[in-house]
Amino acid sequence: MTKHLKNNRLTFNEQCYALLSLIPKGKVTTYKAIAEALETKAYQAVGNAMAANPNPIKVPCHRVVNSNGAIGNYAFGVDKKIELLQSEGVIIQNGKVMDFKAHFFDFK
DNA sequence: GGAATGACATTTA
DNA sequence: CTAAATGCCATTC
């Protein structure tokens with residue numbers, strides 16, 4: 001990049017991580033919700049941010065699923081993502097989140 | 001600076 | 001309901 005301004009604000013990714021770190025155990029959110037919380041429609045960019053997640057320990061990227069209830073993807077494998085979620089109390093069946101609304105964490 | 005890429009979403013067939 | 005096409009936007013090549 002020739003424009004090394006970066007401004008003073010956090011990168012899009014950092015903002016995503018910040019939001020994710022707010023999600024309590026046993027709750028999930030969607031890429032859409034995160035994007036909306038950042039006041040943008042960069043749904044896909046949110047996914048990219050997760051893929052670039054530098055610290056999976058502090059950032060529970062496994063709590064982010066697709067807006068249609070599907071699990072989506074995960075750096076460590078979808079199966080691993082499912083296991084993590086289930087161990088936190090989120091019911092998953094047939095690769096989809098059951099009672100999605102109940103487990104949904106909204107940033108508003 | 002521009003093109004390509006992606007852990008998505010929504011609409012249409 | 002499933003599948004394909006189209007739109008979006010930040011990041012990376």
Side-chain angles (χ1 to χ4, degrees):
Chain A
M1 293 23 152
T2 58
K3 300 181 197 290
H4 23 145
L5 264 173
K6 302 267 194 203
N7 303 320
N8 294 347
R9 64 188 182 78
L10 297 171
T11 68
F12 187 81
N13 298 36
E14 292 293 278
Q15 297 186 58
C16 292
Y17 305 146
L19 286 174
L20 278 200
S21 62
L22 300 179
I23 304 178
K25 169 174 172 290
K27 291 286 184 178
V28 297
T29 188
T30 67
Y31 297 92
K32 175 182 169 161
I34 295 173
E36 297 275 305
L38 296 179
E39 311 211 271
T40 179
K41 295 101 196 157
Y43 313 122
Q44 212 163 5
V46 174
N48 277 337
M50 301 302 102
N53 185 356
N55 49 343
I57 312 300
K58 301 193 64 163
V59 182
C61 16
H62 61 277
R63 293 180 191 151
V64 188
V65 298
N66 292 7
S67 66
N68 67 333
I71 295 305
N73 245 305
Y74 189 54
F76 293 88
V78 180
D79 24 326
K80 185 71 179 176
K81 182 171 182 178
I82 294 175
E83 297 228 357
L84 281 167
L85 288 173
Q86 294 208 116
S87 68
E88 292 184 352
V90 181
I91 314 297
I92 296 174
Q93 231 169 75
N94 202 4
K96 305 238 201 288
V97 178
M98 296 290 98
D99 204 353
F100 182 54
K101 293 187 69 171
H103 296 294
F104 187 79
F105 177 78
D106 204 334
F107 298 103
K108 289 191 299 295

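Atoms considered below: every heavy atom in the structure, side chains included; atoms not considered: hydrogens, waters and symmetry mates.
A straight line from CD of A:E39 to P of C:dC8 spans 18 Å, rounded to a whole angstrom. Regarding A:Q15, its CD atom lies at a distance of 13 Å from the C1' atom of C:dC9, rounded to whole Å. Between A:N94 atom CG and C:dC1 atom P there is a gap of 13 Å when expressed in whole angstrom units. In this structure, A:E14 atom CD and C:dT11 atom C1' are separated by 13 Å, rounded to whole Å.
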Checklist outcome for this item: Protein-proximity profile, nucleotides 6-13 of chain B, B/S/- by nucleotide at the 4.0 Å heavy-atom cutoff, equals BBBSS---
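Rounded to the nearest 0.5 Å, atoms NE2 (A:H62) and CD1 (A:I23) are 9.0 Å apart.
Contacts of A:N68 classified as side chain to side chain donor-acceptor pair (under 3.5 Å), with partners at least two apart in sequence or in another chain: none.
Contacts classified as salt bridge (charged side-chain N to carboxylate O under 4.0 Å, His left out) and involving residues 76-92 of chain A (residues at least two apart or in different chains) are given here: A:R63-A:E88.
Residue A:F107 qualifies as enclosed at atom CZ: its count of foreign heavy atoms under 6.0 Å is above 12.
The side-chain heavy atoms of A:L84 and A:Y74, taken from C-beta on, include a pair separated by under 4.5 Å.
Judged by distance alone, with hydrogens and angles left aside, the side-chain atoms of A:K32 form no donor-acceptor pair with the main-chain N or O of A:K41 at under 3.5 Å.
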